[in-house]
Structures are given as structure tokens and as C-alpha cells.
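See structure below.
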Amino acid sequence: MNYDSYRGIKITKRVDNRYQARFTINGKRKSIYANTKKECYEKLKSFLSTKKIKIEKKLTFYEYWEFWYKNYKEPFIQEGTLKNYRSVFKNQIKPNFEDKDIKKVTALDLNLLLKKLPNSRMKEYASQYLVEVFKQAYKDKKIPFDIWEDIRKYHHKRTEGTALTIEQREILLEKAEQIKHGAIFKFYLFTGARPAEGLRITPKDIEETLIHIPGTKTENSDRYIPKFSQVEELLKNIDLTHQTIFNISETTLKRERLELCELCGFKFKTKDLRTTFATMCAEKGIAPRIIAKWLGHTTTTTTNKYYIKVLDNYEKEQIKLIDTNFDTTKRD
């Protein structure tokens, strides 16, 4: 018979060669000691069988994370963001943090965990999620202290997107005809959809004059944009019998992008086509607030800072003044 545990309570050997079983009942710690493991087992069994005691189950950090995710995130957040929560927990937090009683987790433990993560983007995501988890755990009275205030906050510095030049756009449109899924790159160029959004477009999202973009970030990112003539033209050759209109995986998209880069003779990222769309809109004089709406931005701040790569009319006029009046060859 195995005497290692009883009802989930482990029996361990002490340094003095005696055996002990330690557990919590009604918020108080209890210990049972014996000279042999079997004797300790029997004493523990006898103690629990003669008293109507509800044993307080230890709640681990991993267990509370799953509870928090299921109850506070899953019902309210879109799948694209939920995927990021799952990925960060599985690939960043779990490999770098040993599960333990959530009451014993300290801010120092969490800051050391964050320090191990590979880059600033992962540190930002993980620190944000950990703050959310432990703030809620305190509200739920699962931890005695508000340790989230001492968790270090990381901020990933976003890089500005790169817009394709007019010449590069023409080359891309031509070379896209030579690869199997070239239509999706044209779609990104003429809609400004995020990479994940383009993969999720279904036949039901295509309406007579509009296209529904199933946003992958916030509620505001779920939006409708005009079905521009270029998009309408490319959709004529799309088989709309599949679940998604492009019927392509994330892995295939990456592989075909690399193939298209080689054909074009220049490198680009899929998200650069989103930046290019914003830039093309600005070049045609579309108002920033409309561009922001089509991109799924709440304000024009992000649109202007990271996506529009074109000089406005005022800047162009100022450049003309320099070109015509600033002659360094003349002296007073």
C-alpha cells in the first residue's frame, strides 16, 4: 500500500527521521508527526475521519490564471487578443515560473520572471497581464496583499511602419499575379487590414458596397470599410466557397510573402502594406479621421505617427519656400 499521501495531503520525512503531514483547516495550519510513514498515514486518516473538517485546498498561481482567463477575459475579449493571452502564458510565463501557492507569490518573484523574458514586447505583454491577474486576485481575496503595484511595468517601443514607394507598389501588384495567393497581398494593400484580419475574412463579410473587417485587437477595430474598386476587381477571381475567402494559413502567408519579396527584388513585411494603404489615402487627400476609422484606430494619433508616411500640403509649401528663396551662394 502507498503511504505517501492521504486525501491529497503529502507525508514527508523530516531531518530528524520522523514523518510529518502538514495541512490547513479553517485557515489554521495543522501538523501530524509519527516515527514511521505508515504510522503517520494512519494518524492522519484517523484524525480526518473523526472530525467533520473541510480541508482548505491550496490555490496555485496557474490555477488562478486559468480561472481568471475563463471568467474575466474569455467571455469579453475577441479571439485575436485571447490568442495572445494564451500564447504569453504558455510560451513565456509557464517556462520561466514554477507554479506555487498564489498567496506565496511576491512582486520580486514576478519581476525576476519578467527579467527572463526575451524581448521588450514579451515583457510588456507579460507585465500587463500579470498586473491584471494579481489585481483581480486581490479583489477576489485570493491574496492578502496588493502586490500588483510593485510589478515592474515594461513598455515596448513601437517601430514605425514602412510604406512602399509608388514604384514598389506597381512592382508588387505585377509580381503578385505570379504566386498562388497573390490576391491576399493586393487585399492588404487596398484595405489596410491587419495580417490576422485578412486571414479571417469570410464570404459573409463581403457586402454590396462595404467589407466587414473582423477586428483582432479591440472592439473599435471591428469595422466596415468601403469596397474600393480595386478590391471589388480582385474579388471577382476569388473562390468564395471556402470558410475564409483566401483559404490560407499564417504559415503559408509568411512563405508566400518571402517568395513575393524575391520576385519583387525588395523586402517588405505584410504590415507594411497596411502602412502603405494609409499613405496612399493621405496622398489622395483623405481626412486623417477617416483613415483612422478605416484602420480601426480610436484616434488619429496612432494613424499619423506610425502609418501615414507622406508630407502634408503645408509641409510641401514650406519646402517650396526653402527651395526658391534659400540661396546659399548669395551674400548680404
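Along the sequence shown, residues carry numbers from 1.
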Can you check whether Phe89 and Tyr62 have ring centres sitting under 6.0 Å from each other? yes
Give a yes or no on whether Gln178 atom CD has more than 12 heavy-atom contacts from other residues, nucleotides or ligands under 6.0 Å away. yes
Determine yes or no for a side-chain-to-main-chain donor-acceptor pair under 3.5 angstrom, with Lys123 supplying the side chain and Leu114 the backbone. yes
Testing the 3.5 Å rule here: is there a donor-acceptor pair between the side chains of Arg121 and Tyr154? no
Rounded distance (nearest 0.5 Å) linking atom CG of Asn111 with atom NZ of Lys153: 8.5 Å
Residue pair Asp239 / Ile245, side-chain heavy-atom distance below 4.5 Å: no
Walk me through whether Thr162 and Thr275 qualify under side-chain contact (heavy atoms from CB on, under 4.5 Å). CA-CA 6 Å; Thr162 301; Thr275 305; over 6 Å; no
Should Ile166 and Leu189 be regarded as members of a common hydrophobic cluster, given that ILVMFWY residues are connected when their side-chain heavy atoms come within less than 4.5 Å of each other, either directly or indirectly? no
Trp68 and Tyr85: ring-ring contact (aromatic ring centres under 6.0 Å, His included), yes or no, with the steps? CA-CA 11 Å; Trp68 167 80; Tyr85 276 92; 5.8 Å; yes
For the pair Arg223 (side chain) and Ile213 (backbone), establish whether a donor and an acceptor sit closer than 3.5 Å, ignoring hydrogens and angles. no
Taking atom types as modelled, find out whether His181 and Asn247 have a side-chain donor-acceptor pair closer than 3.5 angstrom. no
How about CD on Glu262, more than 12 heavy atoms from neighbouring residues, nucleotides or ligands closer than 6.0 Å, or not? no
Exercise: do Tyr72 and Gln136 side chains pair donor with acceptor under 3.5 Å: yes
To the nearest 0.5 Å, what is the distance between CZ on Phe187 and CD on Gln230? 12.5 Å
Ion pair Arg169/Glu283, N-O distance below 4.0 Å: yes
Might you confirm whether atom NZ of Lys100 has over 12 heavy atoms from other residues, nucleotides or ligands at distances under 6.0 Å? yes
Group every Ile, Leu, Val, Met, Phe, Trp and Tyr by side-chain heavy-atom contacts under 4.5 Å, then state whether Phe266 and Ile179 land in the same group. yes
With a cut-off of 6.0 Å (strictly less than), are more than 12 heavy atoms of other residues, nucleotides or ligands near CZ of Arg18? yes
Is the number of heavy atoms from other residues, nucleotides or ligands under 6.0 Å of Lys37 NZ greater than 12? yes
When you check the gap from the basic side-chain N to the acidic O, do Arg14 and Asp16 get nearer than 4.0 Å? yes
With under 30° as parallel and over 60° as perpendicular, where do the rings of Phe61 and Trp65 fit, or are they tilted in between? perpendicular
Around atom CZ of Arg152, are there more than 12 heavy atoms from other residues, nucleotides or ligands closer than 6.0 Å? no
Side chains of Tyr41 and Asp4: donor-acceptor distance under 3.5 Å anywhere? no
Quick check on the 6.0 Å ring-centre criterion: do Tyr138 and Phe145 meet it? no
In terms of hydrophobic clustering (I, L, V, M, F, W, Y; side-chain heavy atoms under 4.5 Å; direct or indirect links), are Leu112 and Val88 co-clustered? no
Are any of the side-chain heavy atoms of Lys116 and Pro95 separated by less than 4.5 Å? no
Is the ring pair Tyr188/Phe185 parallel, tilted or perpendicular, if the boundaries are 30 and 60 degrees? perpendicular
Might you work through the side-chain hydrogen bond (donor to acceptor under 3.5 Å, both in side chains) test for Asn84 and Ser87, ending with a clear yes or no? CA-CA 5 Å; Asn84 197 54; Ser87 175; 5.3 Å; no
So that I know where these two stand, are Phe228 and Phe190 an aromatic pair - ring centroids less than 6.0 Å apart? no
Do Thr202 and Asp205 pair up side chain to side chain, a donor and an acceptor below 3.5 Å, judged on atom types alone? yes
Would you kindly confirm whether Ile225 and Ile286 end up in one hydrophobic cluster when ILVMFWY residues are joined by side chain heavy atoms under 4.5 Å apart? yes
Could you walk me through whether Thr12 and Tyr19 pass side-chain contact (heavy atoms from CB on, under 4.5 Å), step by step? CA-CA 6 Å; Thr12 59; Tyr19 289 84; over 6 Å; no
Between Thr252 and Ser249, is any side-chain donor less than 3.5 angstrom from a side-chain acceptor? yes
Walk me through whether Glu250 and Lys83 qualify under salt bridge (Lys or Arg N to Asp or Glu O under 4.0 Å). CA-CA 14 Å; Glu250 199 171 331; Lys83 182 179 179 181; 3.4 Å; yes
Is Glu132 salt-bridged to Lys73, going by a charged N under 4.0 Å from an acidic O? yes
